[in-house]
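Here is the structure we will look at.
Because only heavy atoms are used, hydrogens play no part in the values below, and waters and symmetry mates are left out as well, while side chains stay in. Just so you know, residue 1 is the first one in the sequence shown, and it goes up from there.
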Amino acid sequence: MAPRTIRFKLYALLSLPIVAFVALWTFVTGYVVGDFFELRQATALYEQISAPAGALATEVQNERKLSAVALSKAISQPEELAQVRELTNKAAAAFRLRATSLEARTITSPELGEAVNRVIGEIGRLRSIRRDVDGRTANRLQAVQAFSRITDAVYRLQEKLIAVPEIELYQQAIGLQRIAHARDLMAREDSLISSAALAGALTHDEYEAIEVIAPNRWLLFSEGMAVLDGELRGPFEELLSSPRHGRVTELEKEIIESSRLPRNRSAWQSAAAEVGSEMDQLLVTRAKLLNDRADGAAGWIIMQIVIAGGLGLAAILGAVILSARLGRGLAQELGDLRLAAMDLAEIRLPQVVERLRKGESVDVEAEAPPIPTTGTTMEITDVGRAFSSVQRTAVEAAVGEARLRQGFNRVFRNLARRNQSLVHRQLAQLDAMQRKTSEPGALEDLYRLDHLTTRMRRQSEGLVILSGATAGRTWRTPVSLMDVVRAAVAEVEDYRRIILTPLPEARLTGSATADVTHLLAELLENATVFSPPNTPVNVRGEIVGRGFVIEIEDRGLGLQDVECEEINERLATPPEFDVADSEQLGLFVVSQLAARHGVKVTLSRSPFGGTTAVVLIPQTVLAEPEPEGASVMRALE
């Protein structure tokens, strides 16, 4: 898995409670919004279906009564009946238009739609019912029952509408609907009794119908009253306990018990009309009160949506903003600390170490200032202080190490200078002894001792080079490269194995003569040491476009490719001297001398299996060819 940034992890951590909060807010808001939509659906059903259906039932009740009365009076088409039929037709058209509208169809279930279609189907039978009334092919009871099928379909539809919502408020509508149904049954009784009063008597079938209608009316009325709460039930209770309703009940019982019309026939019409009118008014006022409650409930639900949705959304936005600010601030603090640490590790400390390597003085206070921390987080501030302490300790350690290295270099240089002085004195004394001695055996011993002392001088110069100083030997005039190579060969212990091929005429500047001689001597020494004692070491050279090339080839075991690449890298880029790495001091000396004069030294495998050292001496250290007849070697300074 790819590494993640601290910003990503912080935001991921902060997003967990926000996601949980959003889920909780969504649940609560969805619950409240669900109630709101249920309320809106119920309101739309009331406006599109329930209200037109109620108006239709009222008009059908009026037409039913007048139709029954018309059959009793033997009048075919009275003017009042025609007006009522016109009102019924308008109510039926309004119901059909609104109940089948697009808005109504989108909120009605299949079961509710079937109930609507049943009412529309019953409405379609109005023409047939009226034709029977006008043609007197139906009696009063048949006409009342035919109209009642329409109102029955309407009240079954109302029951379906009340069962749609699950909100407590609309359970109260059940009670009003049952009372309205009871009012319709009372209207049926009124139609039968009023029309019978005009005809003079009740038929047997009409009497049996009243015996069924009256108990059902009482049952529906009591069930509706039981569902209503106190505010809605109170006016109906007053009506039921009033003398007016008591008079209607007494007349009903008298008709049922005596199986004939009451003695005072006009008493029923006045009492039924008064109670029916008052009940209609109560149904209208209670429906309006229930509608006001629905509006209040809608307002409360909207307020809940505003509170739960708005405040919850504001809280979520606040949490997101606060989390983003905290996360961004913490990430900024950690980012600043990271940049400061990377600047310390990759720029400042390497620069300090490089300056110390060059021998420059370093002020610890200036080079190791405290790492600034821009935030207020205690842990990050503590980490910043810790980094500052580490930085100061690292700079102090680097300064101490540089001072220790400088001390070692001074020790090396002092010891080497003293050794050089003794070696020079010894060489001078050997030279004097060689001049005074003519015996061959003694001269050979002196020459051997002189060669050994020359090697000792090279070792002393190596210590001086390790300390970073110059070897000390210099020439005032250019020196032939052939003489330089011979001088280098003379400093090698096993010089007899070295085969020097004559070199083209070229001269080296005096300032580079000692260092190039030392460089070649180190390479020749390695070639003789790391090759069998019976094999030669070949030295050849030629002039090339970029300077002068000298090749030193041995016939030893050679170097592995990896090892050869590492040594060439060290020769090309001189590393810092490490006292623990004392096995390859010669290569370190060669790299230092090569870097000092721009000489390029490269090792490679030779065709004979050994190693070939290629030394490219640049044009910058080569002098003009010496005039013919001039002296080759000059005196040492």
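Using a distance-only test at 3.5 Å, with no hydrogens or angles considered, no donor-acceptor pair links the side chain of Arg244 to the main chain of Ala271. A donor-acceptor contact shorter than 3.5 Å is absent between the side chain of Asp190 and the backbone of Met186.
Counting heavy atoms from C-beta on, the side chains of Arg286 and Leu228 never come closer than 4.5 Å. For the pair Asp205/Gln145, no side-chain contact is recorded, criterion being any heavy-atom separation below 4.5 Å from C-beta on. Put simply, the side chain of Thr100 reaches to within 4.5 Å of the side chain of Ile120, judged on heavy atoms. Residues Thr203 and Asn139 fail the side-chain proximity criterion, which asks for heavy atoms closer than 4.5 Å. In this structure, the side chains of Arg125 and Arg149 come closer than 4.5 Å at one or more pairs of heavy atoms. The closest side-chain heavy-atom distance from Asp280 to Ser277 is not below 4.5 Å. Taking 4.5 Å as the limit, some side-chain heavy atom of Ile123 sits within range of a side-chain heavy atom of Leu56.
Taking all atoms of both residues into account, the shortest heavy-atom contact from Gly276 to Arg183 is O-NE, 3.3 Å. The two residues Gln48 and Arg98 come nearest to each other via the heavy atoms O-CB, 3.3 Å. Nearest heavy atom pair, residue Ala99 against residue Val116, reads CB-CG1, 3.7 Å. The shortest heavy-atom contact between Val119 and Ala153 is CG2-O, 3.4 Å. Between Ala55 and Ala91, the closest heavy-atom pair is O-CB, 4.2 Å. Shortest non-hydrogen contact noted between Leu282 and Phe236 is CB-CE2, 3.7 Å.
Salt bridge present: Arg118 and Glu114 bring a charged side-chain N and a carboxylate O closer than 4.0 Å. Between Glu250 and Lys253, none of the side-chain N atoms (NZ, or NE/NH1/NH2) sits under 4.0 Å from a carboxylate O, so this pair counts as no salt bridge.
When the options Arg64, Glu63, Gln83 are evaluated for a side chain to side chain donor-acceptor pair (under 3.5 Å) with Thr88, the one that passes is Glu63.
Rounding to the nearest 0.5 Å gives a distance of 9.0 Å between CG of Asp184 and OG1 of Thr58. The structure places CD1 of Ile213 at 6.5 Å from OG of Ser148, a figure rounded to the nearest 0.5 Å. One finds the CD atom of Gln61 at 9.5 Å from the CG atom of Leu185 (value rounded to the nearest 0.5 Å). One distance of note links OG of Ser101 with CD1 of Ile49; it measures 8.0 Å at 0.5 Å rounding. The structure places CD1 of Ile179 at 7.5 Å from CE of Met279, a figure rounded to the nearest 0.5 Å. Here Leu232 contributes atom CG and Leu289 contributes atom CG; the two are 5.0 Å apart, rounded to the nearest 0.5 Å.
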Side chain to side chain contact (heavy atoms under 4.5 Å, CB included) between Leu239 and Glu278, worked out: CA-CA 8 Å; Leu239 177 61; Glu278 188 173 353; 3.5 Å; yes

